[in-house]
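Order of the sequence lines sets the chain letters (A, B, ...), proteins ahead of strands, with each chain counted from 1. Only a predicted model underlies this, so the values are computations on that prediction, with no experimental measurement involved.
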2 protein chains.
Amino acid sequence: MATSSGPPTRHPAGATIYSVAERAGVSIASVSRVLQGSQAVSEKTRARVLQAAEELRYVPLAAARSLAVRHHEAHGLVLPELSGPYYSELLMGFESRAAELGQSVVLMLAQGKKDVPQAVRKLATRVDGIAMLGSSAIPDETVTALGGSKPVVLIAGDQTPAVDTVRAENTASAREVTAHVLGHGRTRLLFAGDPAAGPDIRDRYAGFVAAHDDAGLDAQPPVPVALREDEGTALADRLLKGDLDADALVCANDELALAVMVRLREGGLSVPDDVAVVGWDDVMTARYVVPGLTTVRQPVRELGARAADLLHERITGSAVPHSAQVIPTHLVIRSSCGCPPTTPTHPAPAARPRRTP
Amino acid sequence: MATSSGPPTRHPAGATIYSVAERAGVSIASVSRVLQGSQAVSEKTRARVLQAAEELRYVPLAAARSLAVRHHEAHGLVLPELSGPYYSELLMGFESRAAELGQSVVLMLAQGKKDVPQAVRKLATRVDGIAMLGSSAIPDETVTALGGSKPVVLIAGDQTPAVDTVRAENTASAREVTAHVLGHGRTRLLFAGDPAAGPDIRDRYAGFVAAHDDAGLDAQPPVPVALREDEGTALADRLLKGDLDADALVCANDELALAVMVRLREGGLSVPDDVAVVGWDDVMTARYVVPGLTTVRQPVRELGARAADLLHERITGSAVPHSAQVIPTHLVIRSSCGCPPTTPTHPAPAARPRRTP
DNA sequence: CTGTTAGCGCTTTCAT
DNA sequence: ATGAAAGCGCTAACAG
């Protein structure tokens, strides 16, 4: 056997519960008991087992244990991809919380996969539950089907029956930035982003509209662009060309906002004098660019952590009703909105670890 | 049973090979055969099995399969954390390649874990091999011990016996940037970064020295700072205060370089006129800052992909000798080094996906 | 070509 | 308190 597919590895097999039992001179049941922390074991056997296990550096094989206990002690996470700080932060929050809960995390990136639903189904095969981004390009039906057999939590997704949800607050903060810009005397605001692209952006646009309502103004329809630098550049060009008119831009994310700012300046327009620009996410560049980008910071890490928590509750807990949690965001005012430049200095955030090893 | 620990889930169990066999009116062996693509099955049974499996949406339980075949079809990846584009790109490269190879990826972030070696050992329990960053704070002994029982590939780590290695080229490119800066007539260069922090930086410093040698100059000793913005700010302060003297700074990464640039300017010094600054990684901000940051771009994605490849080869392949692959890097010249500003425009790279859902 | 059967390593009754 | 034994779901001989 093991001729064709199996790994003809040069690597030894590793201790099993049998080898530990043998070494300790007890039955495998006893070994299992002490390792499971069962009460019913004499101090003596416990000691012997512990020692034997230690000497053999024994760690139970996950697959065997999973099969026996019928769960995996692993959380699945499905993300579209990983560019920019958003997903990374989310992942960090998710991973650390999961680890605290004793769960491994199996990561799957949807982008580039040819058959995502199939990949998700396969993932489901090795985890106890799956958290995924609302817009991971997973068909709704796949999600609900999955939700029927495994716990699923949707991150930044629409509320769905039979599925838990976590999201950052969007409408109120959108309303707040928009009002702030309006407060600077701007009247011709444009919202850049496609509300149809997902609940986050939809809600941000809703806040944009609400702020206009508050001010007795009419909000312009959204300019449905993708959240990428190239689209920001193109958007700025339309402004420069006169295809579009605005004295302020509320962009659905920073990448967009940043690209717009740069292109606008290249085109001879001043930010914020000619047009104010605000974004979403507070990426690193937002602090470095001049003028500093006013933006909405989302507690993305926290979002990931909550997702891991919810998943775990749903997996272990009983039939609590499905929740839809919302985490508050935070407006970061710099000067691209029209506010005077802040302190001369550039406040680097608290220690952020290195990137290169 | 299943009263205490097991997930008292409201979620159905899912089809097993038995239910499929029963539905198809064949034995479980036949089901296994057709699902494994075995030759020896009649067209008729194959069809029935396929149909039954389809109807039941059957996907074999990973744990059961793993136990039987004695491997996991999963790669482990250990990273220190995920801030900045470096690790994210690495992870993306790793994940996609792993997926192409039919491997799941189990991710573990070392940062914040109290007992990393233990966590790694646990990880080893559910994967066929582990790729990890050279400087993931994993003790050498843990690595080699691990390497004894499972394939291990070190990313950007030191060549180690019994372990494969992938890394980006460092010395030559460091030599190249340094020579470039020297070519601008700068003579008082300083290298910012701690060579003792890992092979990458050590090699970069080596290239820095080599370039000086080439020019018949003596290289200054390195300024051992961590690769973080706050340390960059502090470094700039030392320069401004006169504690340190330099007309050019070769920084071991962009975060450092960027923070230095900003603080230098705040302190009244001009970049590059008074002091030239170059970095490593080509982060997004490097393109946005003024002047544009000259930097070395590493093929990080490729690095991740190669790691996944190597791991897979080592897992499935026979006893090929341990390799130490080096992937070439690429110098990106902008104007922080003293070169005239390039094209007025700001070349956004090809479509980079959105960050916010 | 197909069914029977023996494990894979571990947990968990059930006796003792 | 401890051991024997029965699975968990799947693969892979081994007989037919």
Side-chain angles (χ1 to χ4, degrees), chain A residues 1-7 9 12-49 52-53 56 58-73 122 124-126 128 149, chain B residues 1-7 12-49 53 56 58-73 122 124-126 128 149:
Chain A
M1 72 184 78
T3 24
S4 52
S5 63
T9 165
T16 72
I17 197 173
Y18 291 97
S19 50
V20 175
E22 182 175 6
R23 176 155 199 145
V26 299
S27 74
I28 61 168
S30 291
V31 175
S32 182
R33 286 196 191 95
V34 348
L35 266 39
Q36 299 310 307
S38 164
Q39 197 61 91
V41 212
S42 73
E43 212 33 73
K44 184 163 145 195
T45 33
R46 173 184 311 285
R48 309 182 52 165
V49 167
L56 266 36
Y58 170 69
V59 188
L61 187 68
R65 181 176 157 76
S66 292
L67 191 54
V69 300
R70 310 172 67 73
H71 64 248
H72 310 274
E73 304 189 342
K122 184 182 170 192
T125 235
R126 50 169 72 242
D128 299 318
S149 60
Chain B
M1 72 190 75
T3 23
S4 53
S5 64
T16 72
I17 198 171
Y18 291 98
S19 51
V20 176
E22 182 175 6
R23 176 157 199 144
V26 300
S27 73
I28 61 167
S30 290
V31 175
S32 183
R33 285 194 192 97
V34 346
L35 265 42
Q36 299 308 308
S38 164
Q39 197 62 91
V41 210
S42 73
E43 210 36 70
K44 184 162 147 196
T45 33
R46 170 183 315 284
R48 307 184 55 165
V49 168
L56 266 35
Y58 170 70
V59 188
L61 186 67
R65 183 176 156 77
S66 292
L67 190 55
V69 300
R70 311 170 66 74
H71 64 248
H72 311 272
E73 303 189 343
K122 186 183 168 193
T125 236
R126 50 169 70 243
D128 298 319
S149 61

Let me know the distance between [atom1] of [X] and [atom2] of [N], rounded to the nearest Å.
X: B/Glu73; N: D/dT11; atom1: CD; atom2: P; value: 9 Å
X: A/Glu43; N: D/dA1; atom1: CD; atom2: P; value: 11 Å
X: A/His71; N: C/dC10; atom1: NE2; atom2: C1'; value: 12 Å
X: A/Arg126; N: D/dC10; atom1: CZ; atom2: P; value: 14 Å
X: A/Ile28; N: D/dC8; atom1: CD1; atom2: P; value: 16 Å
X: A/His72; N: D/dC10; atom1: NE2; atom2: C1'; value: 13 Å
X: A/Leu56; N: C/dG9; atom1: CG; atom2: C1'; value: 15 Å
X: B/Leu67; N: C/dC8; atom1: CG; atom2: C1'; value: 4 Å

Identify the pairs formed between an N or O of the protein and an N or O of nucleotides 14-16 of chain C at a distance under 3.5 Å, and give each distance.
none

DNA chain D contacts among residues 14-24 of chain A, heavy-atom distance under 4.0 Å: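 Those residues whose heavy atoms fall under 4.0 Å from DNA chain D, taken from residues 14-24 of chain A, amount to none.
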
With rounding to the nearest 0.5 angstrom, report the [atom1] to [atom2] distance, [X] to [Y].
X: B/Arg46; Y: B/Ser38; atom1: CZ; atom2: OG; value: 7.5 Å
X: A/Ser66; Y: A/Asp128; atom1: OG; atom2: CG; value: 7.5 Å
X: A/Glu22; Y: A/Ile28; atom1: CD; atom2: CD1; value: 12.0 Å

For a quick test of reading the model: is some side-chain N or O of [X] closer than 4.0 Å to OP1 or OP2 of [N]?
X: B/Ser66; N: C/dC8; result: no
X: A/Arg65; N: D/dC8; result: no
X: A/Gln36; N: C/dT12; result: no
X: A/Ser30; N: D/dG3; result: yes
X: B/Thr45; N: C/dT2; result: yes
X: B/Arg70; N: C/dG9; result: yes

When the nearest nucleotide of DNA chain D is assigned to B/Tyr58 and to A/Arg46 on a heavy-atom basis, which residue is associated with the more 5' position?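 Between the two, 5'-proximity favours A/Arg46.
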
Go through [options] for me and flag the one nearest to the [X] side chain.
X: B/Ser32; options: C/dG9, D/dT11, D/dA1; value: D/dT11
X: A/Ala64; options: C/dT4, D/dT2, C/dC10; value: C/dC10
X: A/Ala29; options: C/dT11, C/dT12, C/dG3; value: C/dT12

Nearest heavy-atom neighbours spanning [X] and [Y]:
X: B/Lys122; Y: A/Val59; result: CA-CG1, 4.4 Å
X: A/Ala52; Y: A/Arg23; result: CB-CG, 3.7 Å
X: B/Leu35; Y: B/Tyr58; result: CD2-CE2, 3.3 Å
X: A/Leu67; Y: B/Ala64; result: CD1-CB, 3.8 Å
X: B/Ala62; Y: A/Arg126; result: CB-CB, 3.7 Å

When you compare the side chain of B/Ser32 with that of B/Ile17, does any pair of heavy atoms fall below 4.5 Å?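 Of all side-chain heavy-atom pairs linking B/Ser32 with B/Ile17, at least one is under 4.5 Å.
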
Assuming nearest nucleotide by heavy-atom distance, tell me which of B/Ala40 and B/Ala68 is located more 5' along DNA chain C.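 Here B/Ala40 is the residue nearer the 5' end.
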
Could B/Arg65 and B/Glu73 be called an ion pair, given the rule that one side-chain N must be under 4.0 Å from one carboxylate O?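 B/Glu73 and B/Arg65: salt-bridged.
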
